[in-house]
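Bear in mind the structure is a predicted one, so any value in this text is a computation, not a measurement. Each chain gets a letter, A, B and so on, in the order its sequence line appears, and its residues count up from 1.
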Amino acid sequence: MANKSGYAAHLRTYLTGYVLSVVLTIAAFWAVLAVGRENKSVLILVGLLGVAQLAVQLKCFLNVTTQKEGRDNLALVLFSTLILLIIVVGTAWIMGNLAVRMHTTM
Amino acid sequence: MNGTPSTSNPSVNPGQVPGAIHKDPDMVIFGFWVFMMSDLIFFGVVFAIYITMIGATAGGPGPRELFDFGSLFAQTMLLLTSSLTVGIATVTMKHQRSQASFLFWVVVTLILGLGFLTLELYDFSQMAAQGGVPQRSGYLSAFFGLVPLHGLHVSFGCLWMLVLIVQICKVGMLDIIKLRFLRLALFWHFLDLIWIGIFSVVYFGGWVYG
Amino acid sequence: MDWKVDTPMGFSQNFIQFFRWFSHFFPRPVLALPVIILFLLNANPTFASESFLMPLGPVAHEQKTHFFWATALTMVAVLPVFILVPIILFKYRRKKGTGIYTPKWEVYGPLEVVMWGVPFLVILVLSVMLWRATISLDPYEEIQGVVPPVKVEVVGLDWKWLFIYPQLEIATVGELVVPVHTPVSMTLTSDTVMQSFLIAALAGQIYVMPGMTTKLNFIATKLGKTQGENTQFTGKGFTDQKFDVLIKNDEDFQAWVAQVRASGIPLNEDTYNRLATRTTREEAHKELATAQMPAQAIYFTLPDASLFQDIVMRYHSGKPLSIEEQPGTEKFGRDKEVEGAQP
Amino acid sequence: MNEYGWLGKLNWDSLVFSKLITDPSVSEFVASTAGSIVIIATVAILGLLTWFRVWGTLWSEWLTSTDHKRIGIMYIVFALVMMTRGLLEGMVMRAQQAAAPDGFLYADHFAQLFSTHGTIMIFFVAVPFVVGLVNYAMPLQIGARDVAFPVLNQISLAVTVASGILLMVSLVVGEFSTGGWSAYPPYTGGDFNPGVGPDYWIWAIVFSGAGTTLTGINFTVTIIKCRAAGMKFFRMPMFCWTVLCSSILMIFAMPPLSVAALMLGFDRYLDFHFFTNDLGGNMMNYANLFWLFGHPEVYLLVLPAYGIFSEVFSTFSAKRLYGYKSLVIATMSIGVLSFTVWLHHFFTMGQSPTINIVFGIATMLIAVPTGVKVYDWMATMYRGRIRFTTPMIYSIGFLILFVIGGLSGVILANPTVDFQVHNTLFLVAHFHNVLIPGVLFGLLAGYNYWFPKAFGFRLNDKLGRWSAFLWVLGFMLTFFPLYGAGLLGMPRRSFSYMDLTFKPYMLVAFVGAMVVLCALISLVVQLVVSLRDRDKNRVPVGDPWDGRSLEWSIPAPAPSYNFAELPRVTDRDEFTEAKEQGRAYLAPKVYRDIEVPKNNPLGFILCVLSGILMFALVWYIWWLALISAVAIIVAVIASTFRWDSERVIPASQVQEDTEKWLEQVKKSRAVGRDLENTPANVGYAKLEH
Ligand code: HEA
Ligand code: HEA
Ligand code: CUA
Ligand SMILES: [Cu+2]
């Protein structure tokens with residue numbers, strides 16, 4: 001992405017993002033189907049691939065960057081991610097714990 | 001509002017949209033980002049509910065019985081490709097290629113989006129045929145609370161696209177319309193991001209743990 | 001107007017002036033109010049025994065201690081506000097104030113440290129207390145006593161509590177009797193909406209939910225009588241959902257068990273379903289109790305020891321539960337008759 | 001779902017009056033009276049509007065206006081109307097508990113009272129009041145012409161008002177939910193509550209929640225992108241910081257509530273199983289979701305109030321705000337921490353002690369930044385010249401009383417103690433103790449403080465102080481006894497009790513409620529008297545309090561475009577600095593045309609349509625729901641076909657206005673603070689230091 005303003009360069013950014021995303025998607029599908037559900041740790045792999053793809057798309061499609069002009073957006077996305085994590089992890093923790101403690105007699 | 005438009009943003013940079021815009025484009029786009037983040041939390045919460053309900057199949061059909069990965073893969077590819085085409089449309093717009101080529105890419109996106117929706121609906125009907133209806137269990141409620149929510153967003157995006165096409169045909173590429181399209185493009189990319197979460201967590205997570 | 005800069009003034013003089021100025025803020029009739037309040041509060045000085053302020057066992061006792069400690073510690077950070085605000089107002093009031101005036105003064109390092117530091121330290125101490133107390137009072141933790149615990153299974157119904165003593169093969173409604181100095185180990189569920197179970201004088205509350213079980217452990221160390229209740233609003237009969245708690249010594253407890261066995265009616269499916277309809281304890285008493293039972297309580301024998309389990313499993317059948325099969329709904333059991341239940 | 005006719009569940013028996021006919025009891029009488037008041041008031045208002053022929057003005061100046069100041073005022077008026085209902089409900093509840101064990105209300109009626117009271121006070125009084133004040137003051141403080149998205153602003157107001165009206169309708173048609181403001185299922189689920197009550201709650205919450213989210217987005221973008229030149233973040237008035245933080249809370253905290261309410265709706269309408277007892281539903285998820293929203297919500301309300309207090313303390317102590325940076329950091333930490341404590345509302349659910357400890361400590365941590373704030377306000381007064389005006393009395397009352405409420409909050413944050421006092425009146429006392437001295441006193445202070453800016457004349461200060469005293473006193477009498485009753489174990493939401501120990505507490509509380517009523521009446525009297533005397537108390541120059549921030553640098557009432565020339569900011573207390581350096585009241589170098597958004601009927605249309613949609617959904621009138629939903633979409637799409645949405649105010653007009661005002665400034669006499677509350681004060685402050 002040397003020439004940032006050219007038409008071709010812009011197109012190339014998108015195409016790169018697309019190709020990477022396709023590869024990552026196929027990798028995720030392949031991992032799950034190949035490993036199967038007996039080995040639950042496959043989800044870690046899927047998770048990593050998902051996060052990678054999120055990063056790729058954020059960068060190439062949505063153009064969230066660390067450059068000065070994009071800082072507002074980046075800060076926003078990071079803060080939202082923080083809240084999202086608090087909410088999702090917190091919920092999973094609380095509800096998981098409750099599920100265990102509520103069914104001990106069953 | 002003295003927005004000096006940013007220039008670093010190759011895909012959604014409104015700075016190169018010529019002519020006077022009543023609103024500071026930077027502000028409008030940022031506002032839309034904020035909205036998307038709110039929507040992200042909305043989705044996140046529903047994801048969280050889904051995660052807590054993976055086990056709650058109540059004897060009904062679960063992920064193992066219901067999921068069709070072939071169709072899932074097709075949907076994923078349709079959506080991902082539409083994300084690319086909407087991007088190409090953005091670039092054509094930004095570099096002031098012909099309106100026809102711009103419209104072409106928008107229409108392609110629309111078709112891909114509709115294709116995605118058709119497949120998704122077909123999937124749902126297949127699930128329903130096997131007893132996979134939201135009334136059956138907490139798990140299925142959570143599934144049908146989340147995946148169609150994404151579908152609803154996609155339908156909304158399609159409607160938005162249609163309206164824009166009509167408007168462009170009526171009045172041409174006004175700046176205000178360009179700005180609207182830039183937001184639509186953002187929205188569309190955002191839905192693709194959510195979809196990554198859906199196939200990873202809902203489908204794969206559900207399938208492995210369900 | 002001219003500003004006296006920190007005129008020295010006698011302390012007591014200052015003080016009197018301060019109070020005169022302070023009472024300025026309140027119109028005369030207002031000063032009579034404290035009297036009225038004291039009068040009203042004295043009208044009925046009995047102290048409710050259904051409070052953790054009058055604990056009957058160590059759990060509630062510790063909660064009370066913790067309550068007082070937390071209050072006292074918080075005061076450390078809060079009292080300065082009560083003391084300093086009036087003084088500042090007095091000294092720096094515009095008219096006749098005597099303090100100096102520094103309109104641009106806006107930050108002072110050491111003061112910042114105190115402002116952040118003091119609350120932080122107080123919270124630090126409180127956190128340690130909180131940590132210890134929370135661990136030691138985990139309601140799920142069985143109390144280690146000399147004798148093995150009495151097991152009680154509690155079912156929240158609309159609008160009464162059912163107590164099942166699985167080991168003793170009895171059950172009661174409206175009356176919970178526990179032997180003194182014996183740990184009590186409760187498992188709780190609900191057969192209607194979510195409720196919250198509380199015997200304030202013995203232990204804190206815990207939610208009960210359909211299809212799930214929670215636990216509550218406590219021990220009574222004083223003989224006596226208190227009351228338990230539901231604190232989570234559940235509709236019409238909510239405020240009547242109370243029960244007596246009697247703490248008896250071993251002999252009396254055994255006698256009571258015998259009495260329940262003797263006078264109890266069997267808690268079979270039929271009686272249970274009648275019990276589980278939307279009625280208050282009083283109405284259920286009218287319907288089910290026999291003459292041998294006390295005015296407030298219903299006694300049962302327990303033909304089926306797995307009753308509690310069945311109640312929990314009602315919600316795990318994998319089949320939808322129609323409204324007619326759901327205790328606590330209007331349609332469950334006899335549909336009519338609940339009308340007329342007005343205050 | 002075809003079991004109902006074309007009017008859905010609606011029939012004659014749904015009207016509240018028909019119940020009075022079948023059952024002529026006190027309870028039904030009270031209900032019918034309330035219903036009649038709604039109807040009579042509506043008819044009276046419509047009648048008056050027609051009589052005075054103000055429909056035209058109303059339409060062109062208010063209902064279609066996109067001016068943030070007008071929208072703010074409409075928000076506040078709406079909040080006051082709802083507040084009247086909420087307050088009266090509070091009174092009736094206090095009367096019922098004072099009269100218990102032989103009260104005069106049915107249990108269900110009492111339950112509707114606390115449910116509507118809580119819902120109204122939080123969602124339709126506190127939130128719109130806050131949003132209204134922010135709308136009015138914040139763009140002025142940051143030197144902007146309007147909020148970032150004026151039409152969106154209008155839409156937010158529209159859906160909020162529509163939901164409020166829906167709540168009012170529930171007084172007349174059908175009944176409201178009995179599940180409290182938190183509406184926990186399964187009690188509010190279809191099995192246990194087949195009536196329309198919870199449906200009213202759900203839709204009111206979903207729509208007003210959407211409005212609040214949009215408002216949050218709007219405010220955030222306004223503050224981040226529309227500040228005047230030179231106004232760096234650390235030059236913003238404190239109020240704007242708190243608003244920024246509060247808006248962020250709106251953006252991130254409302255979604256969980258919307259999700260919770262919608263899922264409850266799915267359970268009720270479509271037989272889903274999110275929170276049902278059977279088939280794997282899990283009501284704990286609801287509690288979790290609700291408080292994921294509920295806790296940030298209370299800080300969402302109190303933070304702007306903190307901001308108002310900051311302005312008031314510094315203005316009426318004639319001193320810079322002490323510890324500005326500390327206050328900013330404290331505000332931001334409260335904002336972030338508020339997302340980490342929600343579990344303290346269900347310590348008693350049964351989770352492990354570890355979880356309770358983590359959330360308990362996180363909760364207590366909030367006391368640290370809050371304490372810093374309290375101390376900073378004290379330090380602001382320290383070495384100042386304190387003037388005991390109405391806003392200041394509220395602020396002082398707040399300082400003392402709020403600390404007590406915060407203290408009880410910290411006590412509640414101890415899980416072991418909470419096990420005992422959860423769901424008791426102790427909790428009720430806590431939250432009224434933070435909500436009334438915290439939020440409401442702040443709003444009242446703001447109302448007295450900014451009123452002259454909005455309407456051009458001061459409110460009567462003497463009556464204002466009277467009512468402030470009555471508020472303080474009434475509050476203490478009403479809610480301090482509840483701490484006692486709660487410790488003695490009286491559960492909240494009790495419509496009755498047998499234990500006479502509680503009686504005296506309830507009697508004192510009732511006396512207190514009467515005092516509060518007097519306070520409210522004195523507020524009304526204050527308003528009426530001030531309106532009568534308005535010509536004596538005009539402050540056209542615009543700076544009645546020797547203000548420190550930009551909003552005081554323009555005329556009162558503020559012109560529709562706010563600033564003739566957008567200001568350039570060099571200091572935190574910009575206007576004070578300007579006054580001291582002689583930069584105030586200067587004519588702009590050049591006058592320019594100013595673009596402002598045109599009036600737009602979209603808000604009004606959406607208000608009507610969403611109102612109909614909600615009503616149709618509540619009553620299962622599907623065809624109507626469908627039509628109004630489609631109409632909403634069509635209206636929105638149609639509005640995107642308006643290409644020229646701006647209107648130009650010509651430079652000549654701006655020049656004329658401004659010169660007239662500057663002329664006035666020259667003619668006016670600057671007054672010192674001792675004459676602040678006399679007619680001599682025309683809003684031109686004399687330099688005193
Ligand atoms: C902001 C929130 C708020 C406010 C102000 C109040 C105010 C009052 N509340 Fe509140 N109350 C709640 C929020 C609030 N309440 C909530 C959330 C619940 C829980 C509901 C549930 O259980 O689900 C509750 C429950 C509740 C109960 C039920 C308690 C129980 O569960 O047993 C009672 C009982 O008496 C009560 C009484 C009162 C009274 C007498 C007042 C009044 O004394 C206070 C008077 C207040 C006003 C009169 C309004 C303030 C004035 C203004 C806004 C400014 C006016 C400005 C101008 C005119 C310019 N409240
Ligand atoms: C504006 C509203 C508001 C505010 C500001 C607060 C502030 C706080 N609240 Fe409150 N709360 C509510 C509104 C609010 N709350 C409502 C509506 C409910 C009930 C909802 C329902 O169930 O219906 C509730 C319920 C509630 C609970 C749940 C209780 C239960 O359900 O059993 C808890 C428990 O931790 C709690 C804690 C706190 C704490 C620790 C603070 C802290 O933020 C307080 C911090 C302030 C101070 C501490 C005072 C000043 C500080 C100093 C002078 C410094 C020094 C102090 C120390 C070092 C201690 N609140
Ligand atoms: Cu809460 Cu199970
Ligand atoms: Cu909270």
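- Closest approach of D:A318 and C:P103 over heavy atoms only: O-CB, 3.8 Å.
- Looking only at side-chain heavy atoms (C-beta outward), C:K319 and D:D278 stay at 4.5 Å or farther from each other.
- Rounding to the nearest 0.5 Å places CD1 of D:I411 at 14.0 Å from CH2 of C:W69.
- Under 4.0 Å is where a charged nitrogen must lie from a carboxylate oxygen, and between C:K104 and D:E580 at least one such pair does.
- When C:G235, C:S317, C:G117, C:G237 are compared by the number of non-hydrogen pairs under 4.5 Å with chain D, C:G235 comes out ahead.
- Proximity to chain C (any heavy atom under 4.5 Å) is restricted, for D:E577, to the side chain, taken from C-beta onward.
- Ranked by heavy-atom pairs under 4.5 Å with chain D, the first of C:Y108, C:F120, C:Y315 is C:Y315.
- Taking each heavy atom of C:T192 and D:N277 in turn, the nearest pair found is O-ND2, 3.5 Å.
- Both the backbone and the side chain of D:Y187 come within less than 4.5 Å of a heavy atom in chain C.
- Counting only distance, with no hydrogens or angles, the side chain of C:Q63 and the backbone of D:V417 share no donor-acceptor pair below 3.5 Å.
- Ring-centre distance between D:F346 and C:Y207: not below the 6.0 Å cut-off.
- The backbone N or O of D:L487 sits less than 3.5 Å from a side-chain atom of C:S51, completing a donor-acceptor pair.
- Ranked by heavy-atom pairs under 4.5 Å with chain C, the list D:W377, D:Y184, D:F316, D:Y382 is led by D:Y382.
- For the atom pair D:F192 CZ and C:T329 OG1, the distance stands at 6.5 Å (nearest 0.5 Å).
- In this structure, the portion of D:I396 lying under 4.5 Å from any heavy atom of chain C is its side chain and not its backbone.
- Among C:L198, C:I135, C:T234, the residue with the largest count of heavy-atom pairs under 4.5 Å with chain D is C:T234.
- Counting only heavy atoms from C-beta outward, the side chains of D:M284 and C:M194 never approach each other to under 4.5 Å.
- Using a 4.5 Å heavy-atom threshold, the side chains of C:V78 and D:V374 count as separate.
- Expressed to the nearest 0.5 Å, how far CZ of D:R385 lies from CD1 of C:I100 amounts to 11.5 Å.
- Contacts between C:P139 and chain D at a heavy-atom distance below 4.5 Å involve the side chain alone, from C-beta outward.
- Counting heavy atoms from C-beta outward, C:M209 and D:M349 have side chains that approach closer than 4.5 Å.
- Rounding to the nearest 0.5 angstrom, the gap separating the CG atom in C:L126 from the CG atom in D:N414 is 6.5 Å.
- With a threshold of 4.5 angstrom between heavy atoms, D:A287 does not approach chain C through any atom at all.
- Ranked by heavy-atom pairs shorter than 4.5 Å toward chain D, the options C:W105, C:W131, C:F82 are led by C:W105.
- No other option in C:A133, C:A70, C:P80 has as many heavy-atom pairs under 4.5 Å with chain D as C:A133.
- The aromatic ring centres of D:Y375 and C:W116 sit 6.0 Å or more apart.
- Separation of atoms CD (C:E106) and NZ (D:K325) is listed at 8.5 Å; rounding is to 0.5 Å.
- Between D:K319 and C:Y92, every side-chain heavy-atom pair lies at or beyond the 4.5 Å cut-off.
- Within the 4.5 angstrom heavy-atom criterion, atoms from both the backbone and the side chain of D:D376 approach chain C.
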Legend entry - Worked verdict on C:F233 versus D:F114 for ring pair (Phe, Tyr, Trp, His ring centres under 6.0 Å): CA-CA 11 Å; C:F233 183 79; D:F114 66 68; 5.0 Å; yes
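- Listed options D:H422, D:M381, D:R387 were ranked by heavy-atom pairs under 4.5 angstrom with chain C; first place goes to D:H422.
- A donor and an acceptor atom, one from each side chain of C:E112 and D:S326, are located under 3.5 Å apart.
- No part of C:E141 comes within reach of chain D, as not one of its non-hydrogen atoms sits under 4.5 angstrom from that chain.
- If you tally non-hydrogen atom pairs under 4.5 Å between each of C:L124, C:L137, C:V85, C:L84 and chain D, the highest count goes to C:V85.
- A salt bridge does not link C:R94 to D:E676: none of the charged side-chain nitrogens sits closer than 4.0 Å to a carboxylate oxygen.
- For a residue to count as touching a neighbouring chain, one of its non-hydrogen atoms must lie under 4.5 Å from one of that chain's; by this rule C:T134 touches chain D with backbone and side chain alike.
- When all heavy atoms are compared, the tightest approach of C:A60 to D:Q420 is CB-NE2, 4.1 Å.
- Expressed to the nearest 0.5 Å, how far OG1 of D:T363 lies from CG of C:L130 amounts to 9.0 Å.
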Inset, instruction - Show your reasoning for whether side-chain contact (heavy atoms from CB on, under 4.5 Å) applies to C:V59 and D:F419. - result: CA-CA 11 Å; C:V59 176; D:F419 278 145; over 6 Å; no
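- Taking all atoms of both residues into account, the shortest heavy-atom contact from C:P210 to D:M283 is CG-CE, 3.7 Å.
- Using a 4.5 Å cut-off between heavy atoms, D:R673 touches chain C through backbone and side chain atoms alike.
- Comparing D:G189, D:G350, D:G323 by heavy-atom pairs within less than 4.5 Å of chain C, the highest count is held by D:G350.
- Heavy atoms closer than 4.5 Å to chain C are found in the backbone of D:L321, but not in its side chain.
- For D:R383, the salt bridge (charged side-chain N to carboxylate O under 4.0 Å, His left out) criterion is met by no residue, not counting sequence neighbours.
- A distance of 6.0 Å or more separates the ring centres of D:F495 and C:F238.
- Within the 4.5 Å cutoff, the side chain of C:Q232 has heavy atoms near those of the D:R493 side chain.
- The minimum heavy-atom distance linking C:V193 with D:P186 is given by the pair CA-CG, 3.8 Å.
- Neither the backbone nor the side chain of D:S408 has a heavy atom closer than 4.5 Å to any heavy atom of chain C.
- Using a 4.5 Å heavy-atom threshold, the side chains of C:T231 and D:R492 count as separate.
- What you find for C:I123 and D:M364 is that their closest heavy atoms are CD1-O, 3.5 Å.
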